[in-house]
Amino acid sequence: VFLMVTIKEIAHRSGFSQATVSRLLNNDSTLSVTTQTRNTILAVATDLGYWKDRPHPRVTANIALLYQVNPTEHLDDVYFTSLRDELEQQFSASDMKLKVFTNLSDLLDHSSSFQAFVSVGSEGLSEDDLYKLHSYFEHGIFLEVNPAPHLFDSIQPNLALAVDDAYHLLKMNGQERIGFIGGWGESVAGHTVTDPREVIFHHLMNNDPLAGPIIASGPFNIPNSYQLGKKFLASCQSSLPDAVIVASDTLRVGVLQAFNEVNILVPRDIKLISINDSAVARYVSPPLTTYRIDQAEMCHLALTILQDSLTRNQHVPLHIAVNTQLVVRKSFVPKNSGGKRPL
């Protein structure tokens with residue numbers, strides 16, 4: 001016969017009063033307890049099987065948002081600001097309260113007020129910083145990067161798969177020579193890593209003597225994008241590829257400007273596929289065929305994972321890659337687009 005776990009048992013095992021346990025498990029928003037108290041009670045409840053015959057609680061918690069994005073490198077790139085806005089919107093609609101920090105020291109000084117953190121980017125965080133962060137927070141999740149897979153969760157868009165899919169889609173539609181334009185990778189634990197979009201394109205080039213050129217340097221911002229476009233054209237040596245994959249919508253601004261200056265028109269002279277599906281992608285000329293990154297889904301997953309990890313005693317870090325979705329517009333229209341007109 002299965003016996004329901006009682007509040008009294010959880011109180012006895014955890015060392016806290018029945019009143020405190022009851023108020024916490026019943027999601028009393030007026031209850032004020034430390035992070036350690038909250039985590040201990042929830043862990044004991046999980047160990048004893050309290051949730052087997054009950055729905056998991058709507059976790060009430062204070063969450064710190066660490067915004068670690070280099071403002072200079074990402075100048076004019078609205079992707080990260082829109083990701084932060086989406087996080088704030090979704091958390092405000094839940095029982096998880098979010099407070100933004102742009103400095104690790106400030107966050108650690110106020111760590112006792114928070115049960116977990118979520119970080120957008122990891123710019124400027126050294127390996128020592130990451131271990132220090134873990135000494136303050138058992139629960140945390142990084143968006144966009146994966147700087148400490150052995151310590152924290154991460155959620156990232158599957159950018160490598162987007163480039164791989166774009167490459168093979170172009171090939172299937174008769175584009176034999178395909179180039180790539182990208183920028184620097186993220187700074188992870190004090191080291192700049194090669195961007196995954198560039199990594200997969202190099203891999204594709206190894207098996208395709210017609211692929212290239214590949215131009216990837218500098219930040220993902222509009223001023224650098226023009227220089228990338230000029231470098232790309234100079235590398236073509238008067239033999240323009242059939243198509244180019246541009247690593248982000250932000251970079252396409254200067255790339256199109258560099259193309260237009262020498263009367264190279266998209267898609268007449270070269271097809272173009274980008275990544276991000278930023279708000280302006282449909283309004284540029286021509287409107288961009290691009291891979292949409294579902295920021296809402298990434299933020300929803302972050303919220304769900306944090307809610308789940310705060311109710312469990314043991315937690316193995318999770319690393320989730322969220323697939324992108326092709327949005328067809330006029331810069332490249334696949335032959336097999338099902339007869340749909342480009343957006």
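In this chain, residues are counted from 1 in sequence order. Values in this document were obtained by computation on a predicted structure and should not be read as measured data.
- For the residue pair Asp277 / Thr290, no side-chain donor-acceptor distance below 3.5 Å is found, with atom types taken as modelled.
- Residue pairs meeting the side-chain hydrogen bond (donor to acceptor under 3.5 Å, both in side chains) criterion with at least one member in residues 96-113, sequence neighbours excluded, do not occur.
- Side-chain atoms of Thr304 come within 3.5 Å of backbone atoms of His300 as a donor-acceptor pair (strictly under, hydrogens ignored).
- No side-chain donor-acceptor contact under 3.5 Å links Gln227 to the backbone of Ser225.
- In this structure, Glu144 and Ser154 have side chains that are not in contact, with every pair of non-hydrogen atoms separated by 4.5 Å or more.
- Annotation: side chain of Tyr136 is not in contact with side chain of Leu107 (no heavy-atom distance under 4.5 Å).
- With 3.5 Å as the limit, one finds no donor-acceptor pair spanning the side chains of Ser248 and Arg197.
- Between Phe137 and Phe117, the ring planes lie perpendicular to each other; the angle is over 60°, past the 30° to 60° tilted range.
- Remark: the backbone N or O of Ala160 is not paired with any side-chain donor or acceptor of Asp164 at under 3.5 angstrom.
- Residues Val328 and Val333 come closest through the heavy atom pair CG1-CA, 4.1 Å.
- A donor-acceptor pair is defined here as one N or O able to donate and one able to accept, closer than 3.5 Å; no such pair exists between the side chain of Ser239 and the backbone of Cys236.
- Checked by atom type, the side-chain pair Thr20/Ser17 shows a donor-acceptor distance below 3.5 Å.
- By the neighbour-count criterion of 12 heavy atoms within 6.0 Å, atom NE2 of His12 is sparsely surrounded, having that number or fewer from other residues, nucleotides or ligands.
- Contact record, Leu240 with Leu233: CD1-CD2, 4.0 Å, taken as the closest heavy-atom pair.
- The hydrophobic clustering, which links ILVMFWY residues whose side-chain heavy atoms are closer than 4.5 Å, places Leu326 and Met172 together.
- In summary, of the residues considered (Asp165, Asn276, Thr324), a side chain to side chain donor-acceptor pair (under 3.5 Å) with Tyr291 occurs for Asp165 alone.
- Aromatic rings from His150 and Tyr131 are positioned such that their centres are separated by under 6.0 Å.
- Formation of a donor-acceptor pair under 3.5 Å by the Arg329 side chain with backbone atoms of Leu288 is found in this model.
- Contact of the Lys330 side chain with the Thr289 side chain is not registered, since no non-hydrogen atoms from C-beta on lie closer than 4.5 Å.
- In this structure, Ile141 and Leu306 have side chains that are in contact, with non-hydrogen atoms separated by less than 4.5 Å.
- Not one N or O on the side chain of Ser119 forms a donor-acceptor pair closer than 3.5 Å with the backbone of Phe142.
- Counting heavy atoms from C-beta outward, Gln115 and Asn62 have side chains that approach closer than 4.5 Å.
- Side chain to side chain, Ser82 and Asp85 fail the donor-acceptor criterion of an N or O pair below 3.5 Å.
- For Glu297, there are no salt bridge (Lys or Arg N to Asp or Glu O under 4.0 Å) partners, not counting sequence neighbours.
- Side chain of Asn158 to backbone of Leu161: a donor-acceptor contact under 3.5 angstrom is found.
- Side-chain atoms of Asp249 and Tyr79 include no donor-acceptor pair closer than 3.5 Å.
- Grouping the Ile, Leu, Val, Met, Phe, Trp and Tyr side chains by contacts below 4.5 angstrom, directly or via other members, places Ile215 with Val262.
- Between the side chains of Tyr226 and Glu261, at least one donor-acceptor pair of N or O atoms lies under 3.5 Å.
- Using a 4.5 Å cut-off on side-chain heavy atoms (C-beta onward), Leu303 and Phe91 make contact.
- Taken together through direct or relayed side-chain contacts under 4.5 Å among Ile, Leu, Val, Met, Phe, Trp and Tyr, Val199 and Ile293 form parts of separate hydrophobic clusters.
- Annotation for Ala148 and Leu130: closest pair CB-CD1, 4.1 Å, computed over non-hydrogen atoms.
- Between the side chain of Asn224 and the main chain of Ser217, a donor-acceptor pair closer than 3.5 Å is present.
- The side chain to side chain donor-acceptor pair (under 3.5 Å) test with Asp208 is passed by exactly one of Lys171, His203, Arg177: Lys171.
- Phe232 and Phe259 have tilted rings, their planes meeting at an angle from 30° to 60° on a 0 to 90° scale.
- Hydrophobic cluster membership differs between Leu210 and Ile178, with clusters built from Ile, Leu, Val, Met, Phe, Trp and Tyr side chains linked at under 4.5 angstrom.
- Side-chain contact between Val244 and Ile273: absent, with no pair of heavy atoms (C-beta onward) separated by less than 4.5 Å.
- The side-chain heavy atoms of Val100 and Glu88, taken from C-beta on, include a pair separated by under 4.5 Å.
- Residues Val322 and Val120 fall within the same hydrophobic cluster, defined by Ile, Leu, Val, Met, Phe, Trp and Tyr side chains chained together at heavy-atom separations under 4.5 Å.
- Glu9 and Thr6 share a donor-acceptor pair across their side chains, judged by distance under 3.5 Å alone.
- Between Ile10 and Ala45, the closest heavy-atom pair is CD1-CB, 3.8 Å.
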